[in-house]
Amino acid sequence: MRLVTVAGPPSSGKTSIIVRTVEELKNKGFTVGVVKFDCLSAQDEELYSAYSIPVRTGLSGGLCPDHFFVSNIEEAIKWAEDRNFDFLITESAGLCNRCSPHIKDVLAICVIDNLSGVNTPKKIGPMLKMADIVVITKGDIVSQAEREVFAYRVRQVNPRGMIIHINGVTGQGSFYLAKQVEKTSSVDTLRGATLRFTMPGALCSYCLGERKIGDDRQIGVSKLVNFRGDD
Amino acid sequence: MRTTLLQMAIDELMEMMPWIEDYFSSFAIDPAEIGNLKLEELGSTPGKDYFMEKGTTYHAFIDGFFMFIEQVKALKQDSGFSINSLTVFPGRNKNGETEAFSVELKKGKVTAIVGPTGSGKSRLLADIESLAQKDTPTGRSILVDGRSPTDEERFSTEGRFIAQLSQNMNFVMDLSVEDFLTLHAESRMVDEIHHIVQKIYDTANVLAGEPFSRETPVTQLSGGQSRALMIADTALLSPASVVLIDEIENAGVDKVKSLELLVSNNKIVLISTHDPLLALSADQRIVIKNGGISKLLKTTDDEKKHLESLEKIDRKITLMRDQLRTGEEIDLSDLLI
Ligand SMILES: Nc1nc2c(ncn2[C@@H]2O[C@H](COP(=O)(O)OP(=O)(O)O)[C@@H](O)[C@H]2O)c(=O)[nH]1
Ligand SMILES: [Mg+2]
């Protein structure tokens, strides 16, 4: 079975491009399952089901979403293997710009849209920087110049990655993404595999359920900002 | 080369390649502050933890640096690169009948696409945009300079081949006209930024009819002004050799001048249109019927002879539309021609 992680900011077009890519893969006779990881709620299940794509959802709720992803990815693989899928694609929202679900030697895709603004690529962090493929969506509604500038800005933060333009609505371009996805090699287990990037060095009081504010409430690693600067 | 560059100071590198500032800035590093350091010393200052914090590692940062240099060099070379022709090979119409002939689109020539709404004009534009290889619903295939494009060229060239312009496109950046053009010129690695910005601005104002200032935020331009700026920018700054236009007749720009501008910049232009003036300004027109290409008509000398009077009528109608819009009385005096 082959695994692909897809991550990106909310509403960037992840579900749209996954649906389109799965359709391409299905046309070639492959079976594909999707697992959606999210924090509070996810409406994507209905959408995938509408396209007859087998889907499972995991909601992290009160837990760190990326830690939650790591705890559950092996179960997800087992599910996909039980069903004899050729591919498992995970979708995660990438809410925390500090983290990313990308795993070494597992095809990592980041989805980002032209509407999000030229400064967004700089803000996104490892999820974009460490992706093998960067999918750029919503090129159909911005100007040519903005598309060019945006792609350049993506290049700046991730010169290694391959950029693919996809229209999430018409699916134009997903054919090529499917081709890349097809090339990935299979994984049996992720036991011992490594994340591409370390999660924050923290075991903090708030992770453990603290809600009160105040320096006497803090445990673990913390850092103070000097807002007043030199004045 | 890698070792040489690694041992150079940031200041020296900046002098050689000022645009590397863009790469540094994406890691929040100001090259001026570390100008004396050698590239290979960045592992100790700002240090490994710093890169970690920025979502990378020192080694990934350095690898990325060299790749960025390669990419920018490719970008610069691309500016001189252009396609001479596209050939559209027959696909099938909605009844499954094969189109009768192929169509060649040449540099500096305009091809109009005409046919009823829903007949498949946009589909043809989409086939060209994705450089179809018998893998779209129509089964058409497109050759670039007589050869099949690679997958990389089809999907991953960051718009180096084909630019698009449609009614659905709007500016979304929160910038003034001047800053917007400057940003685009910077990302295109243009040498004389000020010069090109001025040229695009002036040209857009000519095309727009209603003038706008450089300080106007691009999101506040009127429909006509936006289209005019998009056309001028695409013609003068985009590296694309092919420009696909989907219905701009009601956009409020000088249509004929817009086409002339694109042609004089050696673009291959395709325009889907219902507008007689635009259609006859083209060198040839493709007639779409029932999803397929049914005819290819060269614009005749006779048609061209009448272009001028057609343009007059068009100007008159535009004038009357403006008078109507602004609540004036419509001037019918010179209506009979
Ligand atoms: N115009 C346009 N809309 C898009 C494109 N891709 C996605 N969308 C729309 O953007 C919205 C969010 O897409 P979705 O796939 O749900 O994003 P996700 O939250 O990242 O999974 C939906 O309304 C899509 O129809 C695109 O390329 N062009
Ligand atoms: Mg989604």
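Reckoned from all heavy atoms, side chains included, excluding hydrogens, waters and symmetry mates.
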With respect to chain A, which residue among B:Ser25, B:Ser226, B:Ala28 yields the maximal number of heavy-atom pairs within a distance under 4.5 Å?
->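 Sorted descending by pairs with chain A, the first entry is B:Ser25.
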Roughly how far, to the nearest 0.5 Å, is [atom2] of [Y] from [atom1] of [X]?
X	Y	atom1	atom2	answer
B:His184	A:Ser143	NE2	OG	8.0 Å
B:Ser187	A:Arg153	OG	CZ	8.0 Å
B:Asp246	A:Asp140	CG	CG	11.5 Å
B:Ile231	A:Gln144	CD1	CD	12.5 Å
A:Asn27	B:Asp135	CG	CG	11.5 Å
A:His165	B:Ser130	NE2	OG	13.5 Å

[X] portion near chain A, given a 4.5 angstrom heavy-atom threshold:
X	answer
B:Asn170	both
B:Phe27	side chain
B:Ala60	both
B:Phe66	neither
B:Thr234	side chain
B:Met230	side chain
B:Thr136	neither
B:Glu129	both

Tell me, for [X] versus chain B, whether the close heavy atoms (under 4.5 Å) come from the side chain, the backbone, both or neither.
X	result
A:Gln172	side chain
A:Val149	both
A:Arg196	neither
A:Asn167	neither

Count the heavy atoms of every other residue, nucleotide or ligand shown that sit under 6.0 Å from [atom1] of [X], and state whether that count exceeds 12.
X	atom1	result
B:Asn266	CG	yes
A:Phe30	CZ	yes
A:Lys122	NZ	yes
B:Asp202	CG	yes

For residues [X] and [Y], report the shortest heavy-atom separation together with the two atoms involved.
X	Y	answer
A:Val118	B:Met173	CG1-CE, 3.1 Å
A:Gln156	B:Tyr23	O-CD1, 3.1 Å
A:Pro159	B:Gln71	O-NE2, 2.8 Å
B:Trp19	A:Tyr152	O-OH, 4.4 Å
B:Gln164	A:Arg147	O-NH2, 3.3 Å
B:Met169	A:Gly139	CE-O, 4.2 Å

Side chain to side chain contact (heavy atoms under 4.5 Å, CB included) between B:Phe171 and A:Glu146, worked out = CA-CA 8 Å; B:Phe171 289 119; A:Glu146 286 162 313; 3.6 Å; yes
Side chains of A:Lys129 and B:Ser26, donor plus acceptor under 3.5 Å |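 Short answer, no.
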